[in-house]
Every structure is written in C-alpha cells, then in structure tokens.
Amino acid sequence: MSEPEQQEQHLDFIRTRVKSDQASGKNDGRVHTRFPPEPNGYLHLGHAKSICLNFGIAREFGGLCNLRLDDTNPVAEKTEYAEAIQSDVRWLGFDWEERIFHASDYFDQLHAWAVQLIEGGKAFVCDLTFEEMRQHRGTLIEPGTNSPYRDRPIEENLELFEKMRLGEFSDGSKTLRAKIDMASPNLNMRDPVIYRIIHQDHPKTGDKWKIYPSYDFAHGQSDSLEGITHSICTLEFEHHRPLYDWFCQNLGIHHPQQIEFARLNLNYTVMSKRKMLRLVQEGQVKGWDDPRMPTLQGMRRRGYTPKSIRDFCEKVGVAKRDNVIEVELLEHCLRHDLNLCAPRRLGVLDPLKVTIINYPDEQVEQVDAVNNPEDPDAGTRPVSFSKHLYVDRNDFMEDPPKKYFRMSPGREVRLKYAYYITCSEVIKDAEGKITELICEYDPESRGGDTPDGRKVKGTIQWVDASSAKPCEVRLYDRLFKAPDPDKVEDGGDFTGNLNPDSLQTIGSALVEKSVTDMGTGKPFQLERVGYFCIDPDGQESGNLVLNRTVAMRDSWAKANK
RNA sequence: AGCCUGGUGGUGUAAUGGUAGCACAGAGGUUUUUGGUACCUUUAGUUGGGGUUCGAAUCCCUACCGGGCUGCCA
C-alpha cells in the first residue's frame with residue numbers, strides 16, 4: 001500500500017523513464033533488465049551499484065532481471081571469476097532464479113547474424129593489419145578512409161568469413177567489419193570490427209570457435225535475444241549506443257533501449273579492475289579479498305553486511321554527472337546496520353592490568369551483560385568478573401585533561417555491567433611505564449548502580465584476566481592517503497598515494513571468552529571500540545584473528561584533534 | 001581541434017515554468033551503564049553573462065569549467 005507512495009517521490013532519471021515506458025505500454029508493459037559483467041575479474045562496489053539498480057528496477061516494476069556473463073573474449077576470462085560473480089551477487093541478496101545466461105550461449109546465432117549482414121552487403125572481411133586499420137580510421141577531427149577491401153564481392157566475403165571460422169587464418173590477419181560510415185564523427189561507427197580471429201579455447205565453448213564476436217556485436221543482440229527492455233550501462237558506452245541501435249535495426253530484431261548512468265567513485269580508494277589488479281600483483285594488498293579492497297569479497301571479509309551495501313547504493317542515487325562519493329556515507333550505512341544487528345561483547349585492544357585490592361582473592365562471579373541495547377529480545381549473557389582484570393590503556397590517564405571522563409587516580413568510574421571502581425595506586429616499571437593499576441571497588445555498586453544513586457561520568461569496558469581470550473586484531477584504515485589516488489605529482493602513479501598505515505596489526509588484544517563462539521565473518525561490536533568479525537585466517541592454527549570492520553564514531557577523539 | 005555529454009551547499013541527490021528539499025559530512029545541544037545510539041537545533045547551494053516570462057535551477061543564446069571518444073578490451 002505504502003510502496004507506490006514511496007516510489008512516487010524522487011525517482012531517478014532511469015526509473016522515471018522505465019515508469020513512463022511501462023505506462024505507455026511499450027514492450028507490452030514488460031520490464032526486463034540484466035546485469036552483464038565480463039568474467040575477467042572480481043566484482044566491486046561499482047558493480048554493486050549496477051546490481052542494485054538492475055535488480056531493483058525489475059523488482060519495483062514487477063519485472064525480471066537476468067544475470068549474464070559477457071564472455072566474448074576468451075583471452076581474459078576464467079571460470080573462477082564467473083563462479084565468484086555468482087556467489088557475490090547472491091551474497092548481495094539478489095536472485096536471478098533460472099535466468100543465468102552467457103554471451104557465448106548465442107555464438108551460433110551471432111554467427112548467423114554476421115552472415116546475414118554479409119549477405120545484405122552490410123559487412124565485409126578486411127585484411128588490414130591492426131596498424132593499417134588505425135591509420136584508415138582517421139582521427140577525432142578528420143574522417144577516416146575506406147578500407148581497400150570494403151567492396152569485396154559478397155560471395156568472396158562469405159567464403160573468407162567461413163575460412164576464418166574454420167581457423168584457416170592466423171590471429172589478427174583478418175577481421176569482419178560492419179560497413180557503416182568511415183566519415184562518421186562517432187569513431188565507433190567507422191566500420192567497426194565485429195568478429196576477430198582468436199585461436200584460443202573458450203571456458204564454455206571449448207575449441208569450437210576460432211573467431212569471436214566483439215562486445216558491440218554481442219551485447220545488444222544478447223539483450224535482444226533475452227527480451228531485455230532496458231539495457232542499463234555506464235556512461236562510457238554512450239558512444240556505442242548508435243552502434244547498438246544500428247545492429248538491432250539492420251538485423252530487424254527486438255530493440256532494447258540502452259540507458260547510461262555515471263559509474264560510482266569513492267574517495268580514498270580506486271574503483272577500476274585494472275588498478276586493483278596492480279595492487280594484487282604488486283603485493284600492496286594480500287589478494288582480491290583483502291579487507292581493505294573495495295571488492296565485494298574484500299568487503300565481505302572485512303565484515304560489511306549486504307544490507308549496508310544495498311542501502312548505500314540506494315543513497316548514492318543515479319544520475320549522469322560524474323561523482324565521487326565520500327567514504328563517510330558508506331561508513332554511515334555500515335554503522336547504521338551494524339548498530340541494529342551486531343551483538344555486543346567486551347574486549348580491550350591494549351590491555352592494562354587492574355587489581356581490585358578489596359575484592360576477595362579467589363572469588364569469581366558472573367555479571368549480566370546486555371547483548372544488544374537496540375534489541376531487547378537479544379537478552380543478556382553472563383560474563384565472569386574477578387579480582388584481576390584488564391582495561392584499555394587509553395582509558396587511564398595519570399594526569400588527565402579537563403573533559404576526560406575515564407580513569408585517573410582517585411576518580412571513580414563504572415566498569416560496564418559490573419562495579420564502580422576507583423584507582424588508588426599506579427604501579428610503574430623501571431622506565432616509568434605504567435604496568436598495573438591498583439583499585440578499590442564498591443561492593444554496593446554491583447550491576448553498575450549504587451543505592452545512593454551516585455553518578456559517574458565514565459563507563460569503561462574490561463575483561464576478566466583468567467578467562468579472557470588473547471587474539472590478534474587487524475585494524476584497517478583507508479587504502480590511500482589522498483582523497484583522489486590518481487592525483488599525483490609528476491612522474492608518479494596512484495600507488496604513490498598508498499597509505500603505508502592502512503593495516504595495523506595488534507598481537508595481544510584480549511576479548512571476553514564468548515567471542516570465540518562467533519562464527520567466522522559474523523559481525524559483533526566490541527563495546528566502545530568498534531565493529532569486528534572473525535577472520536578465516538586463524539582457523540587452521542586455532543588462533544583468534546579479528547578484523548575491525550569499522551571503528552565506533554568517536555566524538556572524544558575528534559574533539560581532541 | 002571535431003563530436004558526444006554533464007555543471008544545484010563540502011559531498012551525493014531531488015525539485016522538469018510557481019516556497020530550492022533530503023541524506024552524509026561540519027557546528028551546537030538533550031538523553032544515555034558504549035564519549036555509541038536516538039532526538040533537537042544550526043551553518044552552507046542553483047558556474048558566469050545575456051534573453052523569454054507576471055515568475056527561470058528548469059526554456060533560449062553565449063562564455064567558462066568537468067568528463068568521454070582515435071582497441072581486433074568490455
């Protein structure tokens with residue numbers, strides 16, 4: 001009921017168009033989109049925007065969305081990538097049902113259409129080399145010149161194309177070109193290559209083909225065959241639209257509408273496969289799923305939730321102008337979701353020993369800790385408390401500044417869910433480094449309140465020394481130190497802007513015992529510290545390794561900058 | 001240089017001839033057993049110049065600025 005109402009406001013330009021097409025009865029009111037990645041790498045946040053757009057539009061308008069692997073070039077494509085793509089789309093929360101297709105499913109039809117074009121005098125086999133073709137193409141301001149092979153008789157074209165198909169020519173020696181207009185201001189229309197010779201096996205079709213269709217000859221026709229109504233792609237394909245239209249028209253087939261939108265950019269990171277590949281190859285990151293990478297696999301390992309990414313994609317909007325989104329928006333979406341769903345636990349990154357002198361030596365008790373204040377149904381859990389504890393080193397200052405609420409000598413603070421304590425003595429080593437805090441507790445304050453209603457300004461987290469689990473914690477910061485990694489001094493490239501401190505490893509953190517029960521990759525909050533999840537890394541060694549997904553917002557730290 | 005395309009607060013995105021709105025970020029505050037969350041308040045914008053109109057972010061002209069295009073990649 002309320003759904004159409006919500007859609008009424010703020011439709012982006014693509015949805016506005018889809019809506020009007022549907023209203024006017026175009027395509028019999030059908031809406032059918034597709035997400036068509038090339039299986040030559042891993043999906044990243046930019047793809048997520050496209051996935052959310054295509055699947056989202058289909059859902060909102062009662063239509064369908066296909067998953068299509070655009071596998072027209074066997075040189076770079078691998079089954080490994082195709083599988084990762086499917087896993088990532090599913091993880092993001094979308095379902096293509098039985099509609100997964102491959103451009104290679106259409107190779108026979110595409111070939112037949114190429115023959116049809118030749119027979120109609122609209123395509124020809126060209127013997128120009130790569131270099132010669134470049135020279136004939138002309139420039140941005142000058143028209144090109146016709147290939148000397150352009151007027152080859154139809155019969156000869158048919159014969160040569162057949163020999164190309166049979167593998168009788170070497171790679172690059174011949175191409176099949178559409179016969180359009182060498183003087184067109186749009187370079188894509190200057191007799192584009194539609195089939196090239198590639199003697200390489202294809203992951204799907206094996207050694208059946210020695211010739212493969214180009215993107216331009218495959219994409220629109222694949223859309224057409226699948227009955228796509230709106231073919232949504234990024235801005236760089238704008239100049240290809242006339243070609244897309246030309247093939248549909250000249251082949252006399254169903255003609256989907258191509259619509260272009262601006263791709264997503266995020267500051268402090270890179271969003272191109274090419275650059276990510278370099279980071280992986282040069283060992284700047286540990287792999288495609290490094291938690292610092294903007295790949296879906298990296299974000300997943302880092303602890304991002306699918307919902308937060310979908311929410312982000314919705315919030316960035318869809319338009320045609322170039323954009324750079326601030327990471328703060330992504331982090332906002334992340335924290336917003338995590339705050340609602342992540343269970344709370346206690347942990348200290350930089351442990352400082354605390355001994356409560358007036359607490360019975362051998363006593364151990366269980367205090368109740370709230371699992372999630374945002375979700376009463378999450379209940380509570382028992383956490384053990386005893387004479388020997390650890391707190392975080394940055395929660396104590398011997399000589400605190402004015403608005404510091406945490407521990408300092410003589411100031412009473414609350415150990416969350418446990419007792420009020422007051423530091424009475426600071427113990428240091430020979431170098432003057434604080435090694436231990438001697439404190440006194442108020443037995444009346446169990447649970448965190450006192451009968452006299454006395455208030456404390458500071459509440460800090462802690463762990464019980466005997467039961468806490470040691471773990472390794474990986475803290476991540478932005479991958480690049482510059483908002484725009486591509487903006488470099490002369491002679492450098494984007495790798496010069498890498499942030500040397502993007503990964504900080506803490507070897508000796510302590511977390512409450514129940515953290516061990518969290519499954520790998522499941523987000524939880526270490527109260528006052530941030531959101532974390534268990535990394536697959538410590539699995540085999542039996543060690544506990546945590547990734548910090550994102551820190552808590554910290555207005556105290558910000559105020560002290 | 002030619003063609004295509006786009007310019008709305010710091011960032012992103014609405015308003016399609018009729019009150020420039022929303023979100024993030026920033027600032028201030030209230031609540032709080034997370035310096036979290038939630039809530040409240042607040043700063044800040046139509047690239048410049050002409051024109052049409054009672055009225056222009058919106059239509060026209062012009063200047064300026066950004067992006068894209070010379071793969072047998074997608």
Side-chain angles (χ1 to χ4, degrees), chain A residues 9-12 16 36-38 40 70-73 75-77 103 126 128-130 133-135 137-144 171-177 184-188 190 192-198 211-212 214-216 218-219 233-242 260 262 264 267 273-274 315-333 335-336 339-340 344 346 369-370 373-374 403-406 414-418 420 447-449 455-461 483 525-530 552-560:
Chain A
Q9 25 187 295
H10 303 338
L11 285 190
D12 58 67
T16 301
E38 181 188 14
N40 69 342
D70 207 352
D71 55 354
T72 55
N73 187 348
V75 176
E77 296 155 10
C126 184
L128 255 27
T129 63
F130 192 95
M133 203 181 290
R134 195 176 63 76
Q135 282 161 3
R137 187 156 34 233
T139 68
L140 294 175
I141 50 172
E142 297 159 342
D171 286 12
S173 62
K174 284 183 168 49
T175 57
L176 182 69
R177 296 224 260 163
S184 171
N186 181 344
L187 291 276
N188 292 126
R190 321 244 261 227
V193 169
I194 61 177
Y195 261 96
R196 56 313 201 193
I197 301 169
I198 303 176
I211 54 172
Y212 292 93
S214 64
Y215 163 85
D216 287 305
H219 204 93
C233 62
T234 44
L235 243 28
E236 64 268 29
F237 293 102
E238 222 164 5
H239 317 266
H240 292 251
R241 181 163 19 103
E260 311 87 10
L264 169 72
N267 62 11
K273 266 182 209 171
R274 208 195 90 243
K315 282 192 161 66
V316 296
V318 182
K320 295 192 76 156
R321 72 181 86 115
D322 297 310
N323 62 81
V324 182
I325 314 289
E326 296 177 330
V327 277
E328 284 83 355
L329 180 61
L330 216 209
E331 292 178 345
H332 163 80
C333 295
R335 290 192 184 101
H336 180 78
N339 176 50
L340 298 175
R344 315 288 133 119
L346 300 179
V370 173
E374 305 294 325
K403 297 252 237 6
Y404 188 83
F405 302 153
R406 285 108 98 151
R414 171 165 44 226
L415 293 180
K416 186 144 191 176
Y417 308 125
Y420 282 13
D449 284 304
K455 300 284 184 200
V456 289
K457 284 287 245 184
T459 300
I460 63 176
Q461 84 282 13
Q525 182 192 112
L526 288 183
E527 296 207 45
R528 302 209 311 132
V529 183
M552 303 297 281
R553 283 191 64 190
D554 189 348
S555 54
W556 167 247
K558 193 173 288 176
N560 282 279

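Numbered from 1 within each chain, the chains take letters A, B, ... in sequence-line order. Note that the structure is a prediction, hence the values are computed from the model and not measured.
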Item checked: Chi-based syn or anti call at B/G71, which uses purine or pyrimidine torsion atoms and a 90° bound ->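 It is syn.
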
Within the pair [X] and [N], is there a side-chain N or O less than 4.0 Å away from OP1 or OP2?
X      : N     : result
A/N339 : B/U37 : no
A/K558 : B/G26 : yes
A/S555 : B/G36 : yes
A/T72  : B/A74 : yes
A/R344 : B/U34 : no
A/R241 : B/U5  : no
A/R196 : B/C73 : yes

Quick check for you: among [options], whose closest atom lies nearest to any side-chain atom of [X]?
X      : options             : result
A/R137 : B/U34, B/G71, B/G12 : B/G71
A/R553 : B/G26, B/A74, B/G12 : B/G26
A/Q525 : B/U5, B/G21, B/U34  : B/U34

Just how far, in rounded Å, is [atom2] of [N] from [atom1] of [X]?
X      : N     : atom1 : atom2 : value
A/I198 : B/G71 : CD1   : C1'   : 12 Å
A/K403 : B/G28 : NZ    : P     : 9 Å
A/I194 : B/C73 : CD1   : P     : 14 Å
A/L235 : B/U5  : CG    : P     : 11 Å
A/I325 : B/G10 : CD1   : P     : 16 Å
A/L346 : B/U34 : CG    : C1'   : 10 Å
A/E374 : B/A38 : CD    : P     : 7 Å
A/E142 : B/G2  : CD    : P     : 13 Å

Check whether any side-chain heavy atom of [X] lies under 4.5 Å from a side-chain heavy atom of [Y], and answer yes or no.
X      : Y      : result
A/E38  : A/N73  : yes
A/R344 : A/K416 : no
A/R137 : A/L187 : yes
A/N188 : A/P242 : no
A/I325 : A/L330 : no

Just call it for [X]: base, sugar-phosphate, or nothing, with non-hydrogen atoms closer than 4.0 Å on any strand.
X      : value
A/H332 : sugar-phosphate
A/Y195 : nothing
A/R335 : nothing
A/K416 : base
A/T129 : base
A/V318 : sugar-phosphate
A/K457 : nothing
A/D449 : base
A/E260 : nothing
A/Y417 : base
A/E326 : base
A/E527 : base
A/V75  : nothing
A/S184 : nothing

Check: Are the ring of A/W556 and the six-membered base ring of B/G35 within the stacking cut-offs of under 5.5 Å and under 30°?
Finding: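 The base of B/G35 is stacked with A/W556 (centres under 5.5 Å, planes under 30°).
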
Check: B/G35 base stacked by A/F405? Criteria: ring centres under 5.5 Å, plane angle under 30°.
Finding: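 According to the criterion (under 5.5 Å, under 30°), yes, A/F405 stacks.
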
Checklist line | Base B/G66 paired with A/R321 side chain (donor-acceptor, <3.5 Å) | finding: no

Checklist line | B/A74 base / A/H240 side chain donor-acceptor hit below 3.5 Å | finding: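 Side chain to base: pair found, below 3.5 Å.
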
Check: Hey, which of these two, A/D12 or A/L526, hits RNA chain B nearer its 5' end, going by closest nucleotide?
Finding: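 Its nucleotide being nearer the 5' end, the pick is A/D12.
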
Check: Taking for each residue the nucleotide of RNA chain B with the nearest heavy atom, is it A/N188 or A/L330 whose nucleotide lies nearer the 5' end?
Finding: A/L330

Notebook entry, point to check: With no hydrogens and no angle check, is any side-chain donor or acceptor of A/S184 less than 3.5 Å from a backbone partner on A/N186?
Noted result: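 Indeed, once roles are kept as given, a pair shorter than 3.5 Å links the two residues.
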
Notebook entry, point to check: Counting distance only, does the side-chain N/O of A/N339 pair as donor-acceptor with the main-chain N or O of A/R335 below 3.5 Å?
Noted result: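 Such a contact is absent between A/N339 side chain and A/R335 backbone.
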
Note to self: Does the structure show a Watson-Crick or G-U wobble partner for B/U8, both distances under 3.5 Å? Name it, or say none.
What the structure shows: none

